[in-house]
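The next block holds one structure in the form of structure tokens; read it before the comments.
In what follows, every heavy atom counts, from backbone to side chain, and hydrogens, waters and symmetry copies are set aside.
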Amino acid sequence: MPQSAAGPLPGEAAAAQDSLGRAEALESQMAMALDKAVIKSVLYASGEIDPTQFPDLAPARLKGKLLLMGDDPRLQPMPKKPKLLDFFKYRFAPATHLLQSARLALKAGHDEKVVLACLLHDIAVIGFIRSEHGYWGAQLVEPYVDEEVAWAIRAHQVLRFFPDESVGYSYPQAYVEFFGADFRPEPYVEAAYRKMRDHKYYMTARLITLNDVYAFDPSVSVDLDDFADLIGRHFREPEEGLGFDDSPSAHMWRTIIWPTKFL
């Protein structure tokens, strides 16, 4: 039946409203079922919930629940043998900062290892966890990159807090705004800096900090595919796919694939 010039006929409007109501009810029901199936880890919920008050996960308490042990339907499906670019596309948060950082390093003429280190330096932040992200990020990629790249990613977290005027790196004004003018890094950070300052790969890590602090330009767009060849040359993709190659960090990649898996 044709619509009137003024819009749907009364019967059509009622049917559309009824259909919309059913769809919303179904969506709500599915969301509730999924919430029941997804029991977040202590670390995932800590900060919002005091972990000492976390719900009891003893089997008796979970009786009758269908727990999620595979793909989370809220997430985009991953390939069976995922590569690094698949994680950027389907699991990581927006990587604009990393792409801009790598672009700056490339434009400055730095070695490709430095460019890769800049591209991956905050990989833990966009894919795993923010706290101690340099260390977590290095662990994620260590089996697949040169020792120099992994060391630089680990060290950049510490070096950010300490200026090096020889390369034009000053303490970021943003940190004064973020943490306060009286902030001072913890003693373990200062101790790590003293060791890192004399390391053979110090300058690689320092160049990350130099190309890190200026890589927040909302007007600059960088395509991830621009770095596909560089990744192919310097990131050793496992044949089985990241997460399934039995490397020391494979479990971390699987956690990113299935972040809500119960066990």
Approximate separation, where rounding is to 0.5 Å, of S41 OG and L263 CG: 11.5 Å
Shortest non-hydrogen contact between L75 and I257, atoms and distance: CD1-O, 4.4 Å
By side-chain contact (heavy atoms from CB on, under 4.5 Å) - contacts of R197 (at least two apart): D164, Y193, Y202
Residues in side-chain contact (heavy atoms from CB on, under 4.5 Å) contact with L106, at least two apart in sequence or another chain: V115, F227
Let me have the donor-acceptor pairs involving side chains of residues 179-190, under 3.5 Å, with sequence neighbours excluded, atom names and distances please.
from	atom 1	to	atom 2	distance (Å)
R184	NE	E190	OE2	2.6
R184	NH2	E190	OE1	3.4
R184	NH2	E190	OE2	3.3
Y188	OH	E132	OE2	2.4

Electrostatic pair R160-D212, nearest N-O below 4.0 angstrom: no
Heavy-atom pair of closest approach, residues I123 and G137: CG2-CA, 3.8 Å
Closest heavy-atom pair and its distance - A138, I153: N-CG2, 3.8 Å
salt_bridge(D111, K113) N-O dist < 4.0 Å: no
Residues in side-chain contact (heavy atoms from CB on, under 4.5 Å) contact with D198, at least two apart in sequence or another chain: none
Contact check, side chains of I231 and L119, non-hydrogen atoms, under 4.5 Å: yes
Donor-acceptor contact present, side-chain W258 to main-chain D72, <3.5 Å: no
Enclosure of D246 CG (heavy-atom neighbours >12, cutoff 6.0 Å): no
Residue pair L242 / I256, side-chain heavy-atom distance below 4.5 Å: no
Between CG on residue L85 and NZ on residue K89, distance to nearest 0.5 Å: 5.5 Å
Pair D245-Y144, side-chain donor/acceptor within less than 3.5 Å: yes
Check: P259 and Y44 side chains under 4.5 Å, non-hydrogen atoms: no
L159 reachable from L104 in the ILVMFWY side-chain graph, under 4.5 Å edges: yes
E112 (side chain) donor-acceptor with L230 (main chain) under 3.5 angstrom: no
Shortest non-hydrogen contact between V42 and P51, atoms and distance: CG1-CB, 3.5 Å
Any donor-acceptor pair under 3.5 Å from Q139 side chain to S249 backbone: no
Mutual orientation of the aromatic rings belonging to F235 and W253 [parallel < 30°, tilted 30-60°, perpendicular > 60°]: perpendicular
Heavy-atom pair with the smallest gap, counting every atom of R206 and F162: NH2-O, 2.8 Å
Under 3.5 Å: donor-acceptor pair, side chain of D71, backbone of P73: no
Distance, nearest 0.5 Å, that separates OG of S131 from CD of Q157: 7.5 Å
Common cluster, Y135/F161, ILVMFWY with side-chain heavy-atom separation under 4.5 Å: yes
Contacts of R91 that satisfy side-chain hydrogen bond (donor to acceptor under 3.5 Å, both in side chains) - sequence neighbours left out: none
With sequence neighbours excluded, residues passing side-chain hydrogen bond (donor to acceptor under 3.5 Å, both in side chains) with R154: E142
Main-chain N/O of H97 paired with S101 side-chain donor or acceptor, under 3.5 Å: no
Inter-residue atom distance Y201.OH - E148.CD, 0.5 Å rounding: 5.5 Å
Residue E165 excluded, over 12 heavy atoms near CD under 6.0 Å: yes
Parallel, tilted or perpendicular, as decided by the 30° and 60° cut-offs, for the rings of W136 and F128: tilted
Residue that, paired with N211, satisfies side chain to side chain contact (heavy atoms under 4.5 Å, CB included) out of H121, H156, H110, K107: H110
H133 and D122: side chain donor to acceptor below 3.5 Å: yes
V114 reachable from V222 in the ILVMFWY side-chain graph, under 4.5 Å edges: no
Hydrophobic cluster identity match, V145 and M203, side-chain contacts under 4.5 Å: no
Other residues, nucleotides, ligands: >12 heavy atoms within 6.0 Å of Y171 OH: yes
Over 12 foreign heavy atoms within 6.0 Å of CH2, W151: yes
Main-chain N/O of M196 paired with H199 side-chain donor or acceptor, under 3.5 Å: no
